[in-house]
> 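Have a look at this one before I ask anything.
Predicted model only: the values in this text are computed from it and were never measured. Just so we're on the same page: letters track the sequence lines, and every chain starts at 1.
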Number of protein chains: 2
Amino acid sequence: MSQNSEWSASAAIWSTRTSLARLDNKWSALVVIALGRGSGLRFGDLRTLVEGVSAKVLTETLRDLERDGLVLRHAYAEVPPRVVYELTELGCTLHAPMRELGDWAERHAEEVLAAREAFDAAR
Amino acid sequence: MSQNSEWSASAAIWSTRTSLARLDNKWSALVVIALGRGSGLRFGDLRTLVEGVSAKVLTETLRDLERDGLVLRHAYAEVPPRVVYELTELGCTLHAPMRELGDWAERHAEEVLAAREAFDAAR
DNA sequence: CTGGATCCCTGGGGATACTG
DNA sequence: CAGTATCCCCAGGGATCCAG
């Protein structure tokens, strides 16, 4: 491992990878960020906030997040139906780092795009 | 937007999504985390550290990261060949939030798995 | 309004073999 | 050692229609 063979990163990164699986999904990330801001968002709200997501995929995403204990689902037996989602306590702890990543993306979007153009132009 | 209609999250999340595209890739995340720790890692080192990645995918991932100005590639014309990768300054700024996400994943992996089992058991 | 059910298709990414 | 080149597969996810 070159000159830094002392760190047992192998195992660490591997375990990271396991639960990073949920985070590698852009929809999951966006949903968590959205839910972390507003509290108690409805399905329709999320569809609007997370632009470009289809109902099917949003449903699946929410179910997976619920399954992983990150999101709570409250369904009210009304007509018309109303379903509200919110982050669990665990989900809230995820929101912070996720949000920072989102902030990074916003802050450096231009730089990335510029670098990309420069790279492409060089070919 | 329920009761919190004042935040213009729509645009914010959307722009986030654009450059979050690179981050939604689990391989990208793992590579950035790995490169942020060791300085100047070789291709083979990365293959080892990021377990499970194929040579092809690692190559593509590194190329994309280089394209986005996050990674620098140094190839030495030797026999046998030696190629060293390192984070750019921009890449370093990404490493911090990425690392936090990785830390979150490590810290809460068990909780997530437990929640998942509980959820599945309930069906 | 909130989703479940279907169909379908693209591309991420794995396996394998080869080259400079 | 560090890739390239192919082949190939399947799951993520879009579109559409239906239902409680």
> Could you state the atom-to-atom distance from CG of B:Asp45 to C1' of D:dG3 in whole Å?
15 Å

> Between D:dG14, C:dG13, D:dT4, spot the one nearest the side chain of A:Trp27, thanks.
D:dG14

> Does A:Pro81 or A:Ala55 map to a spot on DNA chain D nearer the 5' end, using the closest nucleotide for each?
A:Ala55

> Please determine if a side-chain N or O atom of A:Arg82 lies less than 4.0 Å away from the OP1 or OP2 oxygen of C:dG3.
no

> Could you state the atom-to-atom distance from CG of B:Asn25 to C1' of C:dG12 in whole Å?
9 Å

> Round to the nearest Å and state the distance from A:Leu58 atom CG to D:dG12 atom P.
16 Å

> Salt bridge check, A:Arg99 against A:Asp103: does any charged N sit closer than 4.0 Å to a carboxylate O?
yes

> Less than 4.0 angstrom between a side-chain N/O of A:Arg63 and OP1 or OP2 of C:dG4, yes or no?
yes

> Establish whether the base of C:dG14 is bridged to the side chain of B:Lys56 by a donor-acceptor pair shorter than 3.5 Å.
yes

> Take atom CZ of B:Arg47 and atom C1' of C:dA15, then tell me their distance rounded to the nearest Å.
11 Å

> Looking at every non-hydrogen atom in both residues, tell me the closest pair between B:Arg47 and B:Leu58 and how far apart they are.
CG-CD2, 3.4 Å

> Would you mind classifying the nucleic acid contact of A:Tyr85 as base, sugar-phosphate or nothing, using non-hydrogen atoms under 4.0 angstrom?
sugar-phosphate

> B:Lys26 has an atom NZ; how far is it from atom C1' of C:dG14, in whole Å?
11 Å

> Minimum heavy-atom separation for A:Ile33 and A:Gly102, please, with both atom names.
CD1-CA, 4.4 Å

> Looking at C:dG4, D:dA2, D:dG13, which one has an atom nearest to any side-chain atom of B:Phe43?
D:dA2

> When you check the phosphate oxygens OP1 and OP2 of D:dG3, does a side-chain N or O of B:Arg73 lie under 4.0 Å from one of them?
yes

> Same cluster or not: are B:Leu35 and B:Val83 linked, directly or through other Ile, Leu, Val, Met, Phe, Trp or Tyr residues, by side-chain heavy atoms under 4.5 angstrom apart?
yes

> Within less than 4.0 Å of OP1 or OP2 of D:dC1, is there a side-chain N or O belonging to B:Arg42?
no

> Return the CG to NE2 distance between A:Leu90 and B:His108, rounded to the nearest 0.5 Å.
6.0 Å

> Take the protein atom CG of B:Leu62 and the nucleotide atom P of D:dT4, then report the distance between them rounded to whole Å.
11 Å

> Between P on D:dC1 and CG on B:Leu46, what's the gap in Å once rounded to a whole number?
14 Å

> Check every atom of D:dG14, C:dG4, D:dA2 against the side chain of A:Thr59 and return the nucleotide holding the closest atom.
C:dG4

> Rounding to a whole Å, what distance do you find between A:Asp64:CG and C:dG4:P?
12 Å

